[in-house]
There are 2 protein chains.
Amino acid sequence: MDEVKILIVDDEKDILEFVGYNLENEGYIVKKASNGHQAIELNHSFKPDIIILDVMMPDLDGIETCYQIKQEISTNNPKIIFLTARSEDYSEISGLEAGADDYITKPVRPRVLLSRIKAILRRGAQNEENKPKVSYGEFTIDWDKYIVIKNSEARTLPRKEMELFGLLFSSPGKVFDRETIMKRVWGSEVVVGDRTIDVHIRKLREKFGENYFETVKGVGYKFVSPDNV
Amino acid sequence: MDEVKILIVDDEKDILEFVGYNLENEGYIVKKASNGHQAIELNHSFKPDIIILDVMMPDLDGIETCYQIKQEISTNNPKIIFLTARSEDYSEISGLEAGADDYITKPVRPRVLLSRIKAILRRGAQNEENKPKVSYGEFTIDWDKYIVIKNSEARTLPRKEMELFGLLFSSPGKVFDRETIMKRVWGSEVVVGDRTIDVHIRKLREKFGENYFETVKGVGYKFVSPDNV
DNA sequence: AATTATGTAAACAAAAGGTTAACCCTGATA
DNA sequence: TATCAGGGTTAACCTTTTGTTTACATAATT
């Protein structure tokens, strides 16, 4: 991983500038968001490796934002560093639960921040050896190579198809309702028409066969492996 | 859970008013108690989903109150958020021991409080997703996969049939009267003809056999498992 | 027997989902 | 810069499934 992308989220412009400047100086690719919604949005499009997230923000606070981001199925699995003022009354409990990977208290000291970032990247590098490759029935999904293998025949899927497949595949047999699919694949911010999910299911069926993606009318869809039940 | 009930407990009237106002504004159903005894009392009668509990109270303090409430066996299992003044020397430890679910330090900031409440509700909702897989006699119902298994033969039912089955199956042998069935499966607002339930019972009988859904004339229906009684 | 509650089949209505093709981006390519 | 291609989305229309009612038959209860 040579190009490390970092997203900074804070409602105070000064901090965005200050932290952004320091990180860019170190050669990271930086984008900034000034609220939670923007952050979720940018997590999609920018796909940062690390998100530095202010806890205390109006409207959608850091904890909430973190939750939502962690929910989503996506290729980037961003690490999240919380930024909290020592005086704030957000307890660490909620932060850890929300899936924070580290904490930093304001005021931000560049040296500290950089060392935390490096620590996280180091940790990440180690994990990367655990290729997230999961098999079930005749299928294998390999997020690393971004392919789905069916009976030793590999194919690359477009992002949304991959994510939709990934979600359903993550719990074979379990029905995911449309709302959940929407939230986890498209994100809670995005609003798209109701036929969109169907169309993507169609594409998956075209590629893998009609029998793997079962419709449960009025509820949602599930992945099943006929030979494997 | 659409109607969320919250109980606020504090000996300072101002705080009760302030917090209460903000929560009501968000559509929560709110009751207030000004001491621990009242709180325990209201936990019984009001059955709140969440209790916001001041730690520092005369006589019966928050920790004690929390203990007592957690002790009780009741249908509502209220989540408890502690309210502590930063200066107080109640350590978080005692709070966690007492069974707190979260902390907030005074002064209470509405945004913070609301986001914590949402977080707690979300946690609760997630747990609810793991609807258990229940077996009785030759039947198993699996809400996750949305199937009913009879003698190792699985089938997915349409929504209403599933819900009707689920209801009757939830208490084998117990008679559910039509009114209850209506309310629980169709909802209290919906009005449908009186043959509708019968027709759905018919469908279940067609699918699983005539002997499992017994009519109790003038009352309602019950699920029975002949081999199992 | 009369009355009332339930059973049933078939018709009907309305959701829910399926399908296809066109459209709009965005990023790549010449 | 113009063009192009792929992915993603929408729109329109089609099909199927599910849910409800109707109309009448049957069984139980008084």
Side-chain angles (χ1 to χ4, degrees), chain A residues 3 31 41-42 44-47 72-75 146-148 155-168 175-182 184-187 189-223, chain B residues 146-148 155-168 175-182 184-187 189-223:
Chain A
E3 301 275 84
K31 277 210 196 280
E41 187 49 43
L42 278 169
H44 266 283
S45 49
F46 179 49
K47 295 190 178 305
E72 307 196 359
I73 302 269
S74 55
T75 30
Y146 219 78
I147 54 175
V148 172
R155 74 192 320 157
T156 311
L157 297 182
R159 206 162 54 236
K160 287 286 186 243
E161 285 171 48
M162 187 76 174
E163 286 169 4
L164 175 55
F165 181 88
L167 176 62
L168 298 180
V175 181
F176 291 84
D177 61 69
R178 281 164 174 273
E179 203 187 341
T180 304
I181 294 175
M182 208 63 231
R184 307 266 310 260
V185 175
W186 275 263
E189 300 292 295
V190 191
V191 182
V192 295
D194 353 346
R195 294 275 66 70
T196 301
I197 293 177
D198 313 24
V199 174
H200 282 87
I201 289 282
R202 166 101 290 275
K203 290 174 179 167
L204 290 178
R205 285 176 175 156
E206 268 167 10
K207 286 178 182 162
F208 297 111
E210 303 291 324
N211 310 318
Y212 299 106
F213 307 93
E214 240 178 48
T215 302
V216 181
K217 266 213 160 187
V219 186
Y221 296 94
K222 63 175 157 182
F223 171 85
Chain B
Y146 218 80
I147 54 177
V148 172
R155 74 194 318 158
T156 74
L157 300 181
R159 209 162 79 232
K160 285 280 189 276
E161 286 170 46
M162 187 77 173
E163 281 166 10
L164 175 55
F165 180 89
L167 177 62
L168 298 180
V175 183
F176 291 84
D177 62 71
R178 281 162 175 273
E179 201 187 343
T180 305
I181 293 175
M182 207 63 231
R184 304 272 302 266
V185 176
W186 275 264
E189 331 81 40
V190 189
V191 183
V192 293
D194 42 343
R195 293 276 64 71
T196 301
I197 293 177
D198 313 21
V199 173
H200 281 88
I201 289 284
R202 167 101 289 273
K203 290 174 179 167
L204 289 179
R205 285 174 174 158
E206 270 167 8
K207 285 179 181 161
F208 296 111
E210 303 291 325
N211 311 318
Y212 300 106
F213 307 93
E214 246 178 43
T215 301
V216 181
K217 254 210 155 183
V219 187
Y221 297 93
K222 65 175 162 182
F223 171 85

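Note that this is a predicted model, so its numbers are computed, not measured. First the proteins, then the strands, lettered A, B, ... as listed; each starts at 1.
- With no hydrogens or angles considered, a side-chain donor-acceptor pair links B:Tyr221 and B:Arg178 at under 3.5 Å.
- Taking atom CG of residue A:Leu164 and atom P of nucleotide D:dG8, one finds them 11 Å apart after rounding to whole Å.
- At the heavy-atom level, B:Val185 lies nowhere under 4.0 Å from the strands shown.
- One atom, CG of B:Leu204, and another, P of C:dG7, lie 12 Å apart when rounded to the nearest Å.
- Between the CG atom of A:Asp198 and the P atom of C:dA15 there is a distance of 17 Å, rounded to whole Å.
- How far CG of B:Asn211 is from CZ of B:Arg205: 9.5 Å, rounded to the nearest 0.5 Å.
- Remark: B:Ile181 CD1 to B:Leu167 CG distance equals 6.5 Å, nearest 0.5 Å.
- In this entry the distance linking CZ of A:Phe213 with P of C:dG17 reads 17 Å, nearest Å.
- One atom, NE2 of A:His200, and another, P of C:dG18, lie 14 Å apart when rounded to the nearest Å.
- For A:Arg202, a side-chain nitrogen or oxygen approaches OP1 or OP2 of C:dT19 to under 4.0 Å.
- Under the 4.0 Å criterion applied to side-chain N and carboxylate O atoms, B:Arg184 and B:Glu163 are not assigned as salt-bridge partners.
- Rounded to a whole Å, the CD atom of A:Glu206 is 7 Å from the P atom of C:dT20.
- Atom NZ in B:Lys160 sits about 19 Å away from atom P in D:dT17, given to the nearest Å.
- In this model, a side-chain donor or acceptor of A:Lys217 finds a partner on the base of D:dT16 within 3.5 Å.
- Remark: B:Arg159 is not in phosphate contact with C:dA15, judged by side-chain N or O atoms under 4.0 Å from OP1 or OP2.
- Between D:dT9 and A:Trp186, a contact under 4.0 Å exists linking OP1 or OP2 to a side-chain N or O.
- For C:dA16, neither phosphate oxygen OP1 nor OP2 lies less than 4.0 angstrom from any side-chain nitrogen or oxygen of A:Thr215.
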Identify the pairs formed between an N or O of the protein and an N or O of nucleotides 21-25 of chain D at a distance under 3.5 Å, and give each distance.
residue, atom, partner, partner atom, Å
D:dT21, OP2, B:Gly193, N, 2.3
D:dT21, OP2, B:Thr196, OG1, 3.2

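- For B:Phe208 and B:Phe165, the ring centers are positioned less than 6.0 Å apart.
- Whole-Å rounding puts the B:Arg178 CZ to D:dT20 P distance at 14 Å.
- Note that the OG1 atom of A:Thr215 and the NZ atom of A:Lys222 stand 10.5 Å from one another [nearest 0.5 Å].
- Between A:Trp186 atom CH2 and A:Lys160 atom NZ the span is 6.5 Å, to the nearest 0.5 Å.
- Side-chain N/O atoms of B:Tyr221 include one lying less than 4.0 angstrom from OP1 or OP2 on C:dG7.
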